[in-house]
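What follows is a short report on a single structure.
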Protein chains: 2
Amino acid sequence: MTELVDEPLSRRDRARADTVREIKQTARRVLVDQGVDGLALRAVAREMGMTAPGLYRYFSSREDLVENVVADLYDELTDVLEAVRDAADPATPGFQLLSVARAFRQWATTHRAEFGLLFGSSAQGVFRPDDVHGDGDRPVQLAGQRFGAVFAALVAQVHLERHFPVPAEEDIEPALQVQLRNWCAKLPVALPLGVVHVFLSCWIRLYGLVCMEVFGHLRFALDDAGPMFEAELRALSLVLGVPEEYRPPAA
Amino acid sequence: MTELVDEPLSRRDRARADTVREIKQTARRVLVDQGVDGLALRAVAREMGMTAPGLYRYFSSREDLVENVVADLYDELTDVLEAVRDAADPATPGFQLLSVARAFRQWATTHRAEFGLLFGSSAQGVFRPDDVHGDGDRPVQLAGQRFGAVFAALVAQVHLERHFPVPAEEDIEPALQVQLRNWCAKLPVALPLGVVHVFLSCWIRLYGLVCMEVFGHLRFALDDAGPMFEAELRALSLVLGVPEEYRPPAA
DNA sequence: GCCGTTAGCTAACACCGTTCACTGGAACCG
DNA sequence: CGGTTCCAGTGAACGGTGTTAGCTAACGGC
């Protein structure tokens with residue numbers, strides 16, 4: 001058994017860790033310029049001067065490799081969002097939230113293949129049917145939670161600063177109440193049910209619009225989703241009571 | 001050259017049409033119980049006692065077959081939605097819209113594989129990058145337009161009956177205005193820009209929620225999306241001014 | 001220096017999409 | 001009726017895939 005202490009990394013272990021990194025990094029490059037379907041084990045191996053079976057020393061299957069790449073991508077995306085949040089000026093929750101939302105779309109549109117892997121229809125690996133809630137401790141699940149926490153925390157802060165209108169608990173259907181309560185219990189901070197309800201509703205709109213744009217399901221109406229995105233952002237700002245001066249302006 | 005008249009279907013042509021039907025039908029069955037990745041030409045051929053190369057007499061590639069299956073699925077889904085709309089009692093636009101939205105979710109959750117093919121991230125076939133707008137005349141595009149028209153027409157009718165609040169033209173960003181105008185021009189009926197804006201916004205929410213549910217991206221928070229769907233439906237009813245008595249009730 | 005562990009290889013299996021050359025039979029024409 | 005043309009469907013083959021089994025060779029710890 002390997003030690004849980006992180007200090008005694010043997011020479012071999014370091015080499016192994018390096019190889020793992022290189023594989024994931026190569027896989028990501030292949031993903032980007034070959035597409036999801038072109039993300040083949042053999043292609044990854046070829047790209048780094050190995051043969052496909054060699055990869056099985058590091059990942060138990062293609063699915064396993066993909067899952068680890070997904071976790072890394074979640075982390076990378078989260079890093080970007082956190083950096084944008086922390087660089088936002090003024091550093092008010094409202095403006096930070098808008099900036100993060102824009103950065104999310106920006107990342108999605110400039111990393112289409114990666115976005116498809118994270119948020120598309122082929123992401124059975126992220127949240128498997130068997131673990132009812134996505135709160136296991138596999139890397140991809142932890143990374144997913146970290147990602148979600150960025151938005152959740154910002155909405156919570158916005159609400160803390162300016163109490164935007166939320167439905168009263170008793171105005172939420174009981175069946176939805178218990179689910180929201182269960183979810184709340186897993187969050188680091190306690191939030192009123194109405195707030196998480198509004199957060200979920202806002203996230204649905206952001207996710208829906210960005211997905212439609214990236215997956216090409218918006219082209220029936222728009223050829224550039226940018227203006228529509230800003231309009232939706234403005235609508236969300238109103239819902240969340242983001243102060244006028246930080247809101248995207250109407251035309 | 002074959003005649004454009006539809007009467008003189010030779011014996012051969014009828015047999016051919018039957019085979020095409022059987023192939024698509026078999027492909028759909030394979031899709032359902034093997035998943036999108038399991039939708040292999042060889043599997044389809046095997047299932048119907050043929051060999052894979054034989055299918056090339058009917059479809060020029062796997063992609064071609066999939067595209068035709070997608071078109072059929074769009075048609076089937078649209079038929080379901082239209083039937084639900086026409087069977088809605090009372091037959092008011094508001095209630096019809098709610099019924100159709102529920103039927104859409106119902107179809108999506110009971111036909112996950114098919115839904116993923118139509119609305120997921122692997123739908124490059126439906127709207128290709130090259131045709132800027134999805135208004136070509138390939139079967140899949142026609143079917144897609146027919147699908148969208150169901151929702152669009154209902155929203156239009158709801159607005160005709162009760163003028164829910166829409167943004168004034170001059171409150172829409174110019175860049176978005178021209179896009180919406182272009183799209184409007186392709187619709188069968190003339191609609192105020194504000195109405196199509198609201199329609200698009202509502203469709204984003206419906207699409208976003210159903211996609212998240214079907215693709216498993218909602219499991220981080222909810223294990224049954226039903227109540228949240230009804231809550232969103234209620235929110236949309238308020239946006240669209242659907243009369244109180246047809247709205248989903250608050251808790 | 002020995003010995004266990006392990007990285008990486010080759011070969012192989014079963015599958016995939018696709019092309020090609022071919023056969024059998026149906027449809028058409030004189 | 002015979003001859004010819006067309007076409008559905010086949011088997012073989014090519015190059016690709018994920019994955020397993022068995023081997024070699026090098027490395028780390030004693």
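Computed over heavy atoms, backbone and side chain alike; hydrogens, waters and symmetry mates excluded. The model shown is predicted, which means the values in this text are computed figures rather than measured ones.
- With 3.5 Å as the limit, one finds no donor-acceptor pair spanning the side chains of B/Glu213 and B/Thr109.
- Straight-line distance from the CE atom of B/Met50 to the C1' atom of C/dG24: 15 Å, rounded to whole Å.
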What's the verdict on ring pair (Phe, Tyr, Trp, His ring centres under 6.0 Å) for A/Phe119 and A/Phe104, showing C-alpha distance, side-chain angles and the deciding distance?
CA-CA 12 Å; A/Phe119 299 97; A/Phe104 176 66; 5.6 Å; yes
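- In terms of modelled atom types and a separation under 3.5 Å, the side chain of A/Ser121 and the main chain of B/Ser121 share a donor-acceptor contact.
- Considering only residues two or more places apart in sequence or on other chains, B/Arg46 meets the side chain to side chain donor-acceptor pair (under 3.5 Å) condition with none of them.
- Between the B/Tyr207 side chain and the B/Cys202 main chain, no donor and acceptor come within less than 3.5 Å of each other.
- At distances below 3.5 Å, not a single donor-acceptor pair connects side-chain atoms of B/His217 with backbone N or O atoms of B/Cys211.
- Both A/Arg16 and B/Ser61 lie near DNA chain C, and the one whose nearest nucleotide falls closer to the 5' end is A/Arg16.
- Atom P of nucleotide C/dG17 and atom CD of B/Glu63 are separated by 12 Å, given to the nearest angstrom.
- Relative ring orientation between B/Phe151 and B/Trp203 is described as tilted, the plane-to-plane angle lying within the 30° to 60° band.
- In this structure, B/Arg57 atom CZ and C/dT19 atom C1' are separated by 12 Å, rounded to whole Å.
- The separation between B/Leu41 atom CG and C/dT18 atom C1' is 9 Å, rounded to whole Å.
- Contact annotation: B/Arg46 does not reach the phosphate of C/dA14 (side-chain N/O to OP1 or OP2, under 4.0 Å).
- By the 30° and 60° cut-offs, the orientation of the rings of B/Trp183 relative to A/Phe220 is perpendicular.
- Using a 4.0 Å cutoff to heavy atoms of chain A, the contacted part of DNA chain D runs 5' to 3' from D/dT17 to D/dG28.
- No hydrogens or angles considered: nothing links the side chains of A/Thr51 and A/Arg42 as a donor-acceptor pair under 3.5 Å.
- Among the protein residues, B/Tyr58 comes within range of the sugar-phosphate backbone only, with heavy atoms under 4.0 Å from sugar or phosphate atoms but none that close to a base.
- A/Ala52 comes within 4.0 angstrom of a base, heavy atoms only.
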Name the atoms and distances for all side-chain donor-acceptor pairs under 3.5 Å in residues 17-36 of chain B, with sequence neighbours left out.
from: B/Asp18; atom 1: OD1; to: B/Arg21; atom 2: NH2; distance (Å): 2.8
from: B/Thr19; atom 1: OG1; to: B/Ala15; atom 2: O; distance (Å): 2.9
from: B/Lys24; atom 1: NZ; to: B/Asp72; atom 2: OD1; distance (Å): 3.4
from: B/Lys24; atom 1: NZ; to: B/Asp72; atom 2: OD2; distance (Å): 3.1
from: B/Thr26; atom 1: OG1; to: B/Glu22; atom 2: O; distance (Å): 2.7
from: B/Arg28; atom 1: NE; to: B/Glu114; atom 2: OE2; distance (Å): 3.2
from: B/Arg28; atom 1: NH1; to: B/Glu76; atom 2: OE1; distance (Å): 2.5
from: B/Arg28; atom 1: NH2; to: B/Glu76; atom 2: OE2; distance (Å): 3.2
from: B/Arg28; atom 1: NH2; to: B/Glu114; atom 2: OE2; distance (Å): 3.0

Output one line per pair: protein atom, nucleotide atom from nucleotides 11-13 of chain C, and distance, for all N/O pairs under 3.5 Å.
from: C/dA12; atom 1: N6; to: A/Arg42; atom 2: NH2; distance (Å): 3.4

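- Remark: nothing in residues 26-39 of chain A comes within less than 4.0 Å of DNA chain C through any heavy atom.
- The side chain to side chain donor-acceptor pair (under 3.5 Å) search around A/Arg102 returns A/Glu230, not counting sequence neighbours.
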